[in-house]
**Student:** 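One structure, as structure tokens, below. Some questions next.
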Amino acid sequence: MKLATWNVNSIRARHDAVLAWISRVEPDVVCLQETKVEDDDFPTEELLRLGYAVATAGQKSYNGVAIASRLPMTQVAIGLVDEAEPSEARLLRATIEGVRVYSVYVPNGKSPSSPAFPGKLRFFGRLRDTIASETSPGSPAIVCGDFNVAPDDRDVFDPVGQRGQLLYHPDEQRALSELLSFGLVDVFRLHRPEGGQFTWWDYRAGAFRRNQGFRIDFVLATEAIASRCTSASIDIEPRHGERPSDHAPVVATFA
DNA sequence: ATGGTAGTCGAACTA
């Protein structure tokens, strides 16, 4: 199974680029974040024509997640386990070939001093509770998406300058660690331990041109399936394109 | 340079 995760920063703005990328790379499963459209405006028909089943948890203007799969999807569910009526579309999952696959968009947090920041930290625990409510570390599960935190010094262009700032704050790293301690493995790190490999570059200040990036998008897998991961990579090609998303897709292959 | 750019939506918010 070839799986990809990509924060597209508006599927409307990225419609052609995303469909072209999927046609070229031909992943079996694609998890998307920040689609920024309600379900009726998601390009479901276009993906069906490419051979994908589609599940969406859409929202107008903000957030929005989706999963497209060439393999059948069952048991589709939306939202965190503690919310009956999700106020923000940040989590979607489906079972694909016996694997519970999650597409997640963790809140940005705005800044460490913002009232939104503690909510971001709590989200990690709520996500862990959700995962724990329907799977176990011994079962195959893949949690992928935009986690809005860089795990360690290898994942930030300037760890000294960025320490304590948004996306590289010790509280965020602790929250991520506690999620991982459920029994999830960062499969990109597993295969590519060297630093300087990023998935997000700020649109501002020529950050991409200067390679001032962060690695904040992950494919996390339980050991049951992480052991089947044969390769993992970041595809920065679409980040070079015209009007790109600020994130690059992450691709992982499982035997 | 507490700026800078992009998306949504048509002013101000989110990232």
Side-chain angles (χ1 to χ4, degrees), chain A residues 5-21 31-43 46 56-66 79-80 83 86-92 103-124 126-127 144-151 155-158 160-169 171-173 175-176 198-218 234 236-250:
Chain A
T5 183
W6 193 6
N7 178 323
V8 295
N9 185 21
S10 169
I11 192 66
R12 228 193 301 260
R14 232 64 67 195
H15 179 276
D16 293 354
V18 170
L19 290 173
W21 185 83
C31 294
L32 302 175
Q33 300 87 35
E34 275 208 274
T35 56
K36 295 187 173 179
V37 292
E38 292 177 315
D39 293 347
D40 287 347
D41 295 318
F42 190 85
E46 290 89 329
T56 53
Q59 181 180 336
K60 188 185 170 80
S61 306
Y62 302 111
N63 312 309
V65 288
L80 295 155
E83 51 187 6
S87 56
E88 298 186 330
R90 295 185 177 276
L91 182 65
L92 174 69
S103 180
V104 58
Y105 176 46
V106 172
N108 169 279
K110 294 194 172 80
S111 91
S113 59
S114 165
F117 192 74
K120 173 182 189 173
L121 302 180
R122 282 194 299 273
F123 187 93
F124 285 92
R126 300 169 69 205
L127 176 58
C144 59
D146 175 3
F147 292 80
N148 269 319
V149 54
D155 306 309
V156 181
F157 73 98
D158 176 16
V160 173
Q162 290 299 317
R163 189 169 303 280
Q165 311 234 46
L166 191 73
L167 310 182
Y168 201 54
H169 191 285
D171 292 350
E172 294 170 316
Q173 293 172 306
L176 175 64
F198 309 131
T199 66
W200 176 81
W201 300 259
D202 201 308
Y203 283 124
R204 297 166 290 190
F208 183 64
R209 178 173 48 79
R210 290 136 62 119
N211 198 25
Q212 296 183 337
F214 294 69
R215 192 175 70 91
I216 58 176
D217 300 84
F218 317 122
I234 299 164
I236 66 164
E237 189 274 333
R239 188 65 177 79
H240 283 285
E242 208 170 311
R243 290 180 70 234
S245 168
D246 43 355
H247 294 254
V250 181

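Lettering follows sequence order; numbering is per chain, from 1.
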**Student:** Between C1' on B/dT14 and NZ on A/K60, what's the gap in Å once rounded to a whole number?
**Tutor:**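 Atom-to-atom, A/K60 to B/dT14, this comes out as 16 Å.
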
**Student:** For the pair made of CG in A/D41 and P in B/dT8, what is the distance, rounded to whole Å?
**Tutor:** 11 Å

**Student:** What is the separation between atom CZ on A/R204 and atom C1' on B/dG3, rounded to the nearest whole Å?
**Tutor:**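 About 9 Å, once rounded to whole Å.
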
**Student:** Between B/dG7 and B/dG3, how far is it from one P atom to the other, in whole Å?
**Tutor:**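 Comparing P positions in B/dG7 and B/dG3 gives a spacing of 22 Å.
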
**Student:** Answer yes or no: is there a donor N or O on one side and an acceptor on the other, between the side chain of A/R90 and the main chain of A/G79, under 3.5 Å?
**Tutor:**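 No, A/R90 side chain to A/G79 backbone: no donor-acceptor pair under 3.5 Å.
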
**Student:** Could you go through the side chain to side chain donor-acceptor pair (under 3.5 Å) check for A/E46 and A/H15 one step at a time?
**Tutor:** CA-CA 10 Å; A/E46 290 89 329; A/H15 179 276; 3.2 Å; yes

**Student:** Side-chain N or O of A/R243 versus OP1/OP2 of B/dG7: is the shortest distance under 4.0 Å?
**Tutor:** yes

**Student:** Would you kindly give the CZ-to-C1' distance between A/F208 and B/dA6, to the nearest whole Å?
**Tutor:** 15 Å

**Student:** Using a cut-off of strictly less than 4.0 Å, decide whether A/R14 has a side-chain nitrogen or oxygen near OP1 or OP2 of B/dG7.
**Tutor:**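 Affirmative; the distance criterion is met.
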
**Student:** From the list B/dT8, B/dA15, B/dT5, which nucleotide is the closest neighbour of the side chain of A/Y203?
**Tutor:**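 Looking only at heavy atoms from C-beta outward on A/Y203, the closest nucleotide is B/dT5.
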
**Student:** State, to 0.1 Å, how close A/W6 and A/A248 come at their nearest heavy-atom pair, and which atoms those are.
**Tutor:** CD1-C, 3.8 Å

**Student:** Are A/S10 and B/dT8 close enough that a side-chain N or O sits under 4.0 Å from OP1 or OP2?
**Tutor:** yes

**Student:** CG of A/D246 versus P of B/dT5: gap in Å, rounded?
**Tutor:** 14 Å

**Student:** Rounding to a whole Å, what distance do you find between A/R12:CZ and B/dG10:P?
**Tutor:** 12 Å

**Student:** Specify the residue among A/G206 and A/I11 whose closest nucleotide of DNA chain B lies further upstream toward the 5′ end.
**Tutor:** A/G206

**Student:** From C-beta outward on A/K110, which listed nucleotide comes closest to its side chain: B/dA15, B/dT8, B/dA6?
**Tutor:** B/dA15

**Student:** Which heavy atom of A/F208 sits nearest to which heavy atom of A/R239, and what is that distance?
**Tutor:**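 The pair with the smallest heavy-atom distance is CE1-CG, 3.3 Å.
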
**Student:** May I have the distance from A/I216 (atom CD1) to B/dA15 (atom P), rounded to whole angstrom?
**Tutor:** 12 Å

**Student:** Which listed nucleotide (B/dT5, B/dT8, B/dA15) is nearest to the side chain of A/A13?
**Tutor:** B/dT8

**Student:** Under the criterion side chain to side chain contact (heavy atoms under 4.5 Å, CB included), which of A/T56, A/V18, A/I11, A/V65 is the partner of A/T35?
**Tutor:** A/I11

**Student:** Roughly how many Å is it from CZ in A/R210 to P in B/dG3, rounded to a whole number?
**Tutor:** 17 Å

**Student:** Between B/dG4 and B/dT14, how many Å separate the two C1' atoms, rounded to a whole number?
**Tutor:**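 Rounded to whole Å, the distance is 16 Å.
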
**Student:** May I ask you to say what A/R209 touches in the nucleic acid, namely base, sugar-phosphate or nothing, with a heavy-atom cut-off under 4.0 Å?
**Tutor:**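 Result for A/R209 = nothing.
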
**Student:** Closer to the 5' end of DNA chain B via nearest nucleotide, is it A/E34 or A/D202?
**Tutor:** A/D202

